[in-house]
Amino acid sequence: MGRITLKNVSKTFGEAKVIPSIDLEINDGEFVVFVGPSGCGKSTLLRLIAGLEDVSGGQILIDGKDYTNNAPAERGLAMVFQSYALYPHMTVRNNIAFPLKMAKMDKAAIDKKVTDAARVLNLTDYLERRPSQLSGGQRQRVAIGRAIVREPSAFLFDEPLSNLDAALRGTMRLEITDLHHQLKTTMVYVTHDQIEAMTMADKIVVLNRGNIEQVGSPLELYRSPRNLFVAGFIGSPKMNLIEGAYAQSKGAKTAGIRPEHLLLSKDSGLWTGTVTVAEHLGADTFLHANVDGIGLITARCDGEFGVTYGDRIYLTPDEGKLHRFDGRGLAIGNAGLAA
Amino acid sequence: MATQNTKTLARLMMAPSVLLLLVWMIVPLAMTLWFSFQNYNLLDPSSDGFTGFFNYEYFYTDPAFFQSVWNTLVLVGGVLLITVIGGIAIALLLDQPIFGQGIVRILVISPFFVMPPVAALIWKNMIMHPGYGVLADISKFFGLQPVDWFASYPLFSIVVIVAWQWLPFATLILLTALQSLDGEQKEAAEMDGANFINRFIYLTLPHMSRAITVVILIQTIFLLGVYAEILVTTNGGPGYASTNLAYLIYRVALLNYDAGGAAAGGIIAVILANIVAIFLMRAVGKNLDR
Amino acid sequence: MARSVTTRHKVTATIFAWIVALLIFFPILYTIITSLKSETEAIAGFNLLPSFTLESYITVQTQRDYLTPFMNSVIISVGSTILALIIAVPSAWAMAFSPTKRTKDILMWMLSTKMMPAVAVLVPIYLIFRDLGILDSRIGLTVVLMLINLPIVVWMLYTYFREIPGEILEASRMDGAGLWQEIVYVLTPMAVPGIASTLLLNIILAWNESFWTIRLTTTNAAPLTAFIASFSSPQGLFWAKLSAASTMAIAPILILGWFSQKQLVRGLTFGAVK
């Protein structure tokens, strides 16, 4: 079981209030991603759950039991660190076995568990090597192996993929998601990368300056961002945010339209603009255009769209998928939900 | 890392070394301060009693005092100058690809391992002796009158000995810094058309500034207390020509048995050392923060 | 073409480097050579070829008893260093892994105690030692050298410990290791190279310390520094014997230094230069 409840949790470092007050419920078996820009408090929140930092106020419950003042080891959680934090002087086998050795498990049982974990993670051939002799992806898997042998009630991941190159990151994303499906254990995952959040999460928690901006499934956040911050943070390329006459005509301070919700044409449309940059990826095309009376707009369309720098193009927003925000940056109505 | 438990524990673990150093600093210093206001001669048990600032006045008005302060500055400054400039030059040389790098390094670092009295005796007898030293042999070979170094240039001779001891230290630290200079930076500067001298001034020297600071700090700590080199060579003489402040205090304390006077001198030395320390710590503290 | 230029550059650099290295090493070399000469050879002018006689070494041992000060040097320098390590390891651990705003100040203060001129406290220390009856004793000297090297030991260990990533210690905590297990299984194995290099450098510093070792001893506990300093008193011109005694005084630490110079260089910079 791994149900984690945060009640009024706050954290201050000296004068700085890193986390003013957070309430959050993480259900058993859920894959929850904390996402936000650097310095938003997401890692601190994870470390509070882990017990590596003391909370300044509030309670942390695991399966309904208060663990606020317990040492990290007593919480039954396992953590995978950004730097992997492998023990450099131990072999892969001993790295994975370390938590079991600390739990004073007998040797035969440890061996069996390590062998099983190594098989699941494709590490069998590397058990006698040192971490320094492994590639980045293999080190990452050792760190995960060290976490799973403990059979924790929940896994905590602190930006585990940020030290890997782009291709490997894609592979490891799949592996971790797959692992979650196999183990069905609660996972709490911290990242600044919204693609990781969108692809892996059951539930995303968007954090900004220590506050929760919105909690929801990836598609909920995509379709109906609660405010400008979430609108700008979720989705790639970023949502176009337009102020001025156009927004006012829609009864909003700011109007938001995602690049993929703009219809592109070479001969007619609502807006006209000049292409400043055209990125042809084959499968899709990203256009950056200076739109008359609106400003810089990014648009995306499937497949190839044959324009280049300086060409005139026409753009038509799909107004059914328009997001509207008031003066305080909060969403008006739920235009997106209609889609 | 930052839970309350670990913080309390951390304080407990720091306590022994902090307390020991505190006691080591305060108790003798307090006694010195007390003696400095006493009429206290080690040989004359009847001499006691409060004398006010007499000891300070006595020490301060001694012409040897100013000479020894000056000598201390010359000694520290001279050695720093020689070791930093020489160290940079040798480090640049050793940074080149050369045959037998390992042995050259071993030869260059060796003087650092030589204890001060041995270093001083070697230089005094083997190298600088007016009758049997190597320098005298060279002078005689050219038909020149050998120089009696310790009689004619006592302070300079001591500067040479101490600089010889500390040159390896400076060289190796500067060499380490030099070797950590990013190769791509050098190549970029070459592409930008910087010649060797420009690369040295605009790239190498700023890169080494931190190492130079460390060299100055560590050496100053040790150079302020130069003692054995003077003891076994000139004994501070002729007159007070090669007496630094540390040696002057020693002379007053153990040659004149005037504990009160020596204590006053000691307090003055502590004050002067603190002034140097404050300057150094400021400069270094700034340079060491990343 | 390019290759011949670089080879010539390397040969030139090699020649200069060897000249400089030999000049720096010359006083030591010449002392070793002279120690292998007879007394008459030693004062017969410049000569790099000794007769390879060991008579001076034998004389130094029989007349002046080299072994006693040698043993004193070993016991005092090794003892004071180990004592300092035992006290410094926990402190450095705390400063590196649980730093506060004042950690840097404490470190700086510790280093500044080394700037206190030793002579300023010579008389009080002398009197304290006299009253405690530990003048001219190995224990007294060991304690003093431990104290004067403690700041450097703490500082060096601190810089080595700080290179150990905190996340690894946190990982061990998550893995259920208690403080003791964390120190035994994780921290210590990772810190061994740093501790070894600290140990070496401080043995060398203690071996060569030449104020307290000369002033606080007379005969019983006199280490090699005091032994050799006694040769400065005028006693006739015994160049070869002096050279032999000097060589014997520096040889152990010189050899130790040569073997460990790689680790030493890093330690010497107090972590300030990478």
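Order of the sequence lines fixes the chain letters, A, B, ..., with proteins taken first and strands second; residue numbering starts at 1 for each chain.
- Interface remark: B/Leu29 contributes backbone and side-chain atoms alike to the contact with chain C (heavy atom separation under 4.5 Å).
- The part of B/Leu94 that comes within reach of chain C is its side chain, from C-beta onward, which places non-hydrogen atoms under 4.5 angstrom from that chain.
- Only the side chain of C/Ile204 comes within contact range of chain B, with at least one heavy atom under 4.5 Å from a heavy atom of that chain.
- Looking at C/Tyr126, neither its backbone nor its side chain comes within 4.5 Å of chain B, counting heavy atoms on both sides.
- In this structure, chain B has no heavy atom under 4.5 Å from any part of C/Leu256.
- With a 4.5 angstrom heavy-atom cutoff, B/Ile106 touches chain C via backbone and side-chain atoms both.
- Contacts between C/Ile15 and chain B at a heavy-atom distance below 4.5 Å are absent for every atom of the residue.
- If you tally non-hydrogen atom pairs under 4.5 Å between each of C/Thr12, C/Val121, C/Leu29, C/Leu22 and chain B, the highest count goes to C/Val121.
- Interface remark: C/Ser246 contributes backbone and side-chain atoms alike to the contact with chain B (heavy atom separation under 4.5 Å).
- In this structure, the portions of B/Ala246 lying under 4.5 Å from any heavy atom of chain C include both its backbone and its side chain.
- The candidate with the highest count of non-hydrogen atom pairs below 4.5 Å against chain C, out of B/Ile249, B/Val108, B/Val270, B/Asn125, is B/Asn125.
- Heavy atoms closer than 4.5 Å to chain B are found in both the backbone and the side chain of C/Trp207.
- Looking at B/Leu21, both its backbone and its side chain come within 4.5 Å of chain C, counting heavy atoms on both sides.
- Checking B/Leu224, B/Ile218, B/Ile221 one by one against C/Lys114, the side chain to side chain contact (heavy atoms under 4.5 Å, CB included) holds for a single residue, B/Ile221.
- Of the listed residues (C/Leu122, C/Thr247, C/Leu242), the one with the most heavy-atom contacts under 4.5 Å to chain B is C/Leu242.
- Put simply, CE on C/Met146 and OG on B/Ser17 are 10.0 Å apart, with the number rounded to the nearest 0.5 Å.
- Contact of B/Leu9 with chain C is made through the side chain alone, with heavy-atom distances under 4.5 Å.
- Within the 4.5 Å cutoff, the side chain of B/Ile122 has no heavy atoms near those of the C/Tyr30 side chain.
- Of the residues considered (B/Met115, B/Met208, B/Lys124, B/Arg11), B/Met115 shows the highest number of contacts with chain C, using heavy-atom pairs under 4.5 Å.
- With C/Phe211 as the fixed residue, the ring-ring contact (aromatic ring centres under 6.0 Å, His included) test singles out one of B/Tyr227, B/Tyr247, B/Tyr250: B/Tyr227.
- Inter-residue side-chain proximity for C/Trp258 and B/Ser110 is flagged as met; some heavy-atom pair is nearer than 4.5 Å.
- Note: B/Pro111 leads B/Pro16, B/Pro111, B/Ala15, B/Ala259 in heavy-atom pairs under 4.5 Å with chain C.
- Only the side chain of B/Leu167 comes within less than 4.5 Å of a heavy atom of chain C; its backbone N, CA, C and O stay farther away.
- Here B/Leu22 is the residue among B/Leu22, B/Leu12, B/Leu174 with the most heavy-atom pairs under 4.5 Å with chain C.
- Ranked by heavy-atom pairs under 4.5 Å with chain B, the list C/Leu147, C/Ile250, C/Ile87 is led by C/Leu147.
- For the options C/Leu150, C/Val144, C/Val89, heavy-atom pairs under 4.5 Å to chain B are most numerous at C/Leu150.
- Of the listed residues (C/Thr113, C/Val123, C/Thr100, C/Leu254), the one with the most heavy-atom contacts under 4.5 Å to chain B is C/Leu254.
- When C/Ala21, C/Ala84, C/Pro124, C/Ala251 are compared by the number of non-hydrogen pairs under 4.5 Å with chain B, C/Pro124 comes out ahead.
- Side-chain atoms of B/Val232 and C/Phe231, non-hydrogen and from C-beta on, never get closer than 4.5 Å to each other.
- Within the 4.5 angstrom heavy-atom criterion, atoms from both the backbone and the side chain of C/Ile228 approach chain B.
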Go through it in stages, so that I can follow the logic: the residues are C/Asn208 and B/Phe112, the test is side-chain contact (heavy atoms from CB on, under 4.5 Å), and I'd like the CA-CA distance, side-chain angles, deciding distance and then a yes or no.
CA-CA 10 Å; C/Asn208 290 343; B/Phe112 183 72; over 6 Å; no
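- With a 4.5 Å cut-off on non-hydrogen atoms, B/Lys140 does not touch chain C at all.
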Before you tell me yes or no, could you show the steps for B/Trp24 and C/Ile125 under side-chain contact (heavy atoms from CB on, under 4.5 Å), namely the whole-Å CA-CA distance, both residues' side-chain angles and the distance that decides it to 0.1 Å?
CA-CA 10 Å; B/Trp24 167 245; C/Ile125 295 291; 3.4 Å; yes
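- Nearest approach of B/Ala228 to C/Ser210, heavy atoms of both residues: CB-CB, 3.5 Å.
- Looking at C/Ala88, there are no atoms closer than 4.5 Å to chain B (heavy atoms on both sides), in backbone or side chain.
- Environment of CZ in C/Phe26: crowded, with over 12 heavy atoms of neighbouring residues, nucleotides or ligands closer than 6.0 Å.
- Looking at heavy atoms from C-beta onward, C/Ser243 lies in side-chain contact with B/Met126 at the 4.5 angstrom threshold.
- Contact detail for B/Pro97 and C/Ala13: the closest heavy-atom pair is O-CB, 4.1 Å.
- Between C/Ile128 and B/Met31 there is a side-chain heavy-atom pair separated by less than 4.5 Å.
- Within the 4.5 angstrom heavy-atom criterion, atoms from both the backbone and the side chain of C/Ala17 approach chain B.
- Of the atoms belonging to C/Leu224, heavy atoms from both backbone and side chain fall under 4.5 Å from chain B.
- In this structure, the portions of C/Ile253 lying under 4.5 Å from any heavy atom of chain B include both its backbone and its side chain.
- The CE atom of B/Met14 sits 12.0 Å away from atom CH2 of C/Trp93, with the distance rounded to the nearest 0.5 Å.
- The shortest distance between side-chain heavy atoms of C/Leu205 and B/Phe222 falls below 4.5 Å.
- In this structure, chain C has a heavy atom under 4.5 Å from the side chain of B/Trp123, while its backbone stays farther away.
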Let me see the working for B/Val18 and C/Met110 under side-chain contact (heavy atoms from CB on, under 4.5 Å), right down to the final yes or no.
CA-CA 8 Å; B/Val18 170; C/Met110 283 188 169; 3.8 Å; yes
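- Here the side chains of B/Gln96 and C/His9 are in contact, with some heavy-atom distance below 4.5 Å.
- The heavy-atom pair separating C/Trp18 from B/Ile103 by the smallest distance is CH2-CG2, 3.6 Å.
- Here the side chains of B/Trp164 and C/Ile24 are in contact, with some heavy-atom distance below 4.5 Å.
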Take B/Met13 and C/Ser91 through the test side-chain contact (heavy atoms from CB on, under 4.5 Å) and record every step on the way to the result.
CA-CA 5 Å; B/Met13 296 200 301; C/Ser91 302; 5.9 Å; no
